[in-house]
Amino acid sequence: MNRPLSEEFLPEAEELLEHMEADLQELGRGGQPPERVADRLNALFRSAHSLKGMAGMAGLTEITQLSHELEELMDHLRMGRLSLDGALSDLIGDGIALLRRLVAAVAHPESSIAPVDLAGYTSLVKQSLAKPTREEGVSLEALGIPPALTVALTTYEEHRLRENLRLGRTLYAIRLRFGLDNFDQELGRVSSRVQEIGELITTVPRMTASDESDAAGGTDSGTIGFDLIVGSDRPLADVTERAGPSALKTTLLCSGPSSHTAVRTAQPGDAAPSVAPHAEPVASLRSLSDTVRVEIRHLDHLLNVMGELVLQKSVLHQLAKEFLERDGSTGLAGGLLKTVQIIEHRLSELQEGLVEARMVPLTQLFDRLVRAAGKLSRELGKEVDLRMSGEETRLDKTMVEAIADPLLHLIRNAMDHGLETPMERQAAGKPAAGQITLRAKPQGNGVVIEIADDGRGIDLARVRETAVRKGLADPAKSYDEASLISFLFQPGFSTSEQVSEVSGRGVGLDVVAKNIAAFNGLVDVATQPGKGTTFTITLPITLVIVRALVVQVGADLFAVPLSSVTETLLIGPTHIRTIDGAEAMELRNRTLPLLRLAEHFACAPLSSNPDELYVVVVGLAENRLGLVVDAIEGQQEIVIKSVGELLKGMTAGIAGATELGNRRMILVLDIPALLDEAARLAMPSGR
């Protein structure tokens, strides 16, 4: 049975969009040599053209039309009819973003994705294309280019040839000959060497060798020839040296008017490169890529199967221990334990491999964020120096897509609220350009992402005033810094008095909290007045098979996802105090609310007046909570299973169930739900 065309279309479209975003980001960095800029512009054109063709075959009219508009825009840019500036870069970026929305609508037809104003974008593109274009100038023949060469050039290659002359470069023709057994590798090596000192404008295959009579003597039917046309500001000797021993000869064709190389126009007797029709040389039929695309749903299924194997491994391990205790380390018990240990090791390797298959580098996401920040800086009139590091860090693809909007919210807030205007910064003795740093790094079984700015910092006094006005805070109560910062993550909370396209609409950090909490992530905020703010997001690498802390509450056991645990404490009853009717404790100058799980789940405690209490400190987003338990049993890998529709919602704070190695089923805690419950209890009276 054939797969739906949209399923074939989606992975290819996503890959093309990622290439387009990366190419546009590289163009925005500036300082690129002309040939590199030309390559990126041409790559953008090819991607838009490919996407248009694919969408047309799939019958996706809007994507076809929008791709065509981008293709037209990129064609004018690569042909030199338009110059790339900030406005055009934004227009291209907006087009790519609109394409992403249209592709997302194909992938998720049931979702409510905002419609695309295709007519409005088309109008903007046509306005840009209507701008005056640069004149090409005199004909190539008048510049001394042999007519036999000009007829072989495509329109784009002719433009690149003129552009090299305009830049004052010299044009060279390099004649090459290779053996048929390895010509593709050798041609690639020569091309790479030549591109280090100039631009390779075109490669023309020589299908016959009848006109070759060189110093090496005669021709060879077992060879194939090529002519490379190169633009460079290096002298003839350098170009010849780069071409290497495969070059039969290197000919200077002509020079641009401002070249520093000795100028010599082509003479009538000069050998011109042979002009064969453009045809791809016959190469190996083997694929050039070792990559196999696998849909996420297939990897999800494999990981679920892997999770079941992990559960059975735990059962085997428990059985082996019981045999060992009964029969000793000799005989079948010892052999079984060894086998279980080998299986455990191999399952761990398999698990790591499956998790790795789902992981992608953050490069594409970071590039998109940098482009969005560049556009936003122009809208706000603020100079911004956005720096990246650790973009090669890998994370589960599902998480990468889910955290894109939260990270964009944080960067928007940093630019709008955090960074001062250039005049304010200079008055404060800071550089006019504000600095935002986007960092990522692996840490243990997770990934840490930081967004830091060197702006004015968070005005905590203003946060308190807003929280009191919205009824979130008690005006008679004092709050520490962490408690005040936690108000920022409440839905609808905003200190901005003016609504703009950037911020002030009461959305932002609550979206960040919800998206990060959905992946059992943590958000820490550090701020210093006048020096800036840093948001630190910690995410687990995967959620399918998780490590959990098994705790005892009365006669029952519960599993706490370890990614939500920040630390464990052993305290005495005297450490607990009551604030507004709720239990809390002091932890490093911060008030930590406490929740007794025995009371919450109506479990009978082991002791009515224990001398020592265990506290498991958990957190999601910026919120922290201390769970009071009777004992900590240890860590274990678990697979969370649904408790079923009948039990859903009956007990707040239960995310599912899992099976331990001894085949005992225990409940898994829902940390976001417990944090919400603790926050509700801590609300001022009347809320």
Side-chain angles (χ1 to χ4, degrees), residues 26-45 74-85 88-89 131-176 190-204 227-244 247 249-273 275:
E26 186 170 343
L27 285 171
R29 291 195 177 103
Q32 304 283 342
E35 57 270 16
R36 185 64 176 169
V37 173
D39 285 345
R40 295 307 95 209
L41 290 174
N42 205 35
L44 275 165
F45 169 80
M74 295 314 308
D75 189 43
H76 275 65
L77 282 166
R78 74 186 190 120
M79 296 300 293
R81 302 187 191 109
L82 290 175
S83 297
L84 186 65
D85 55 17
L88 270 180
S89 180
K131 294 177 181 178
T133 59
R134 191 170 61 209
E135 295 293 333
E136 287 291 1
V138 298
S139 66
L140 294 179
E141 289 81 357
L143 294 172
I145 306 298
L149 172 62
T150 59
V151 299
L153 296 175
T154 65
T155 306
Y156 176 69
E157 290 167 348
E158 181 177 334
H159 163 67
R160 291 311 306 161
L161 187 147
R162 289 179 179 276
E163 188 67 12
N164 273 266
L165 291 176
R166 188 183 68 80
L167 294 171
R169 291 180 165 183
T170 302
L171 297 179
Y172 298 97
I174 305 173
R175 179 159 297 179
L176 303 167
V190 175
S191 298
S192 297
R193 289 199 300 266
V194 168
Q195 284 174 316
E196 293 175 1
I197 61 169
E199 178 179 352
L200 177 57
I201 298 171
T202 186
T203 300
V204 183
D227 287 317
L228 274 55
I229 309 302
V230 178
S232 176
D233 54 8
R234 298 288 188 90
L236 181 64
D238 286 0
V239 178
T240 302
E241 186 273 331
R242 286 283 175 169
K249 56 184 170 182
T250 303
T251 307
L252 188 152
L253 295 177
C254 68
S255 299
S258 60
S259 174
H260 298 292
T261 309
V263 177
R264 183 181 74 87
T265 57
Q267 302 299 317
D270 285 348
V275 194

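- Within the model, atoms CD of Glu241 and CG of Leu236 stand 12.0 Å from one another, a figure rounded to the nearest 0.5 Å.
- Distance CG/Leu228 to CZ/Arg175: 11.5 Å, rounded to 0.5 Å.
- Annotation: salt bridge (charged side-chain N to carboxylate O under 4.0 Å, His left out) contacts of Arg193 (sequence neighbours excluded): none.
- Val194 has its side chain out of reach of Val239: every pair of non-hydrogen atoms, C-beta onward, lies at least 4.5 Å apart.
- Scanning for salt bridge (charged side-chain N to carboxylate O under 4.0 Å, His left out) contacts around Glu26 gives Arg36, with sequence neighbours left out.
- The CG atom of Leu161 sits 4.5 Å away from the CD1 atom of Ile201 when rounded to the nearest 0.5 Å.
- Under the 3.5 Å distance criterion, the side-chain polar atoms of His159 are matched with a main-chain donor or acceptor of Met79.
- A heavy-atom distance below 4.5 Å is not found between the side chains of Asp39 and Glu199.
- Minimum interatomic distance between Ser83 and Leu88 (heavy atoms only, all atoms of both residues): O-CD1, 3.2 Å.
- In this structure, the side chains of Leu27 and Ser89 stay at 4.5 Å or more apart for every pair of heavy atoms.
- Heavy atoms only, all atoms of each residue included: Asn164 and Gly231 are closest at OD1-CA, 3.5 Å.
- Here the straight-line distance linking atom CZ of Arg40 with atom CZ of Arg78 works out to 13.5 Å at 0.5 Å rounding.
- Residues passing the side-chain contact (heavy atoms from CB on, under 4.5 Å) test with Ser192, sequence neighbours excluded: none.
- The distance from the CZ atom of Arg160 to the CG atom of Leu165 is 11.0 Å, given to the nearest 0.5 Å.
- Nearest heavy atoms, Ala247 versus Ile174: CB-CG2, 4.0 Å.
- For Ser232 (side chain) and Ile197 (main-chain N/O), a donor-acceptor pair under 3.5 Å exists by modelled atom type.
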Test side-chain contact (heavy atoms from CB on, under 4.5 Å) on Leu44 and Leu77; report intermediate values, then the result. CA-CA 10 Å; Leu44 275 165; Leu77 282 166; over 6 Å; no

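- Once rounded to the nearest 0.5 Å, the distance linking NE2 of His76 with CG of Leu84 reads 14.5 Å.
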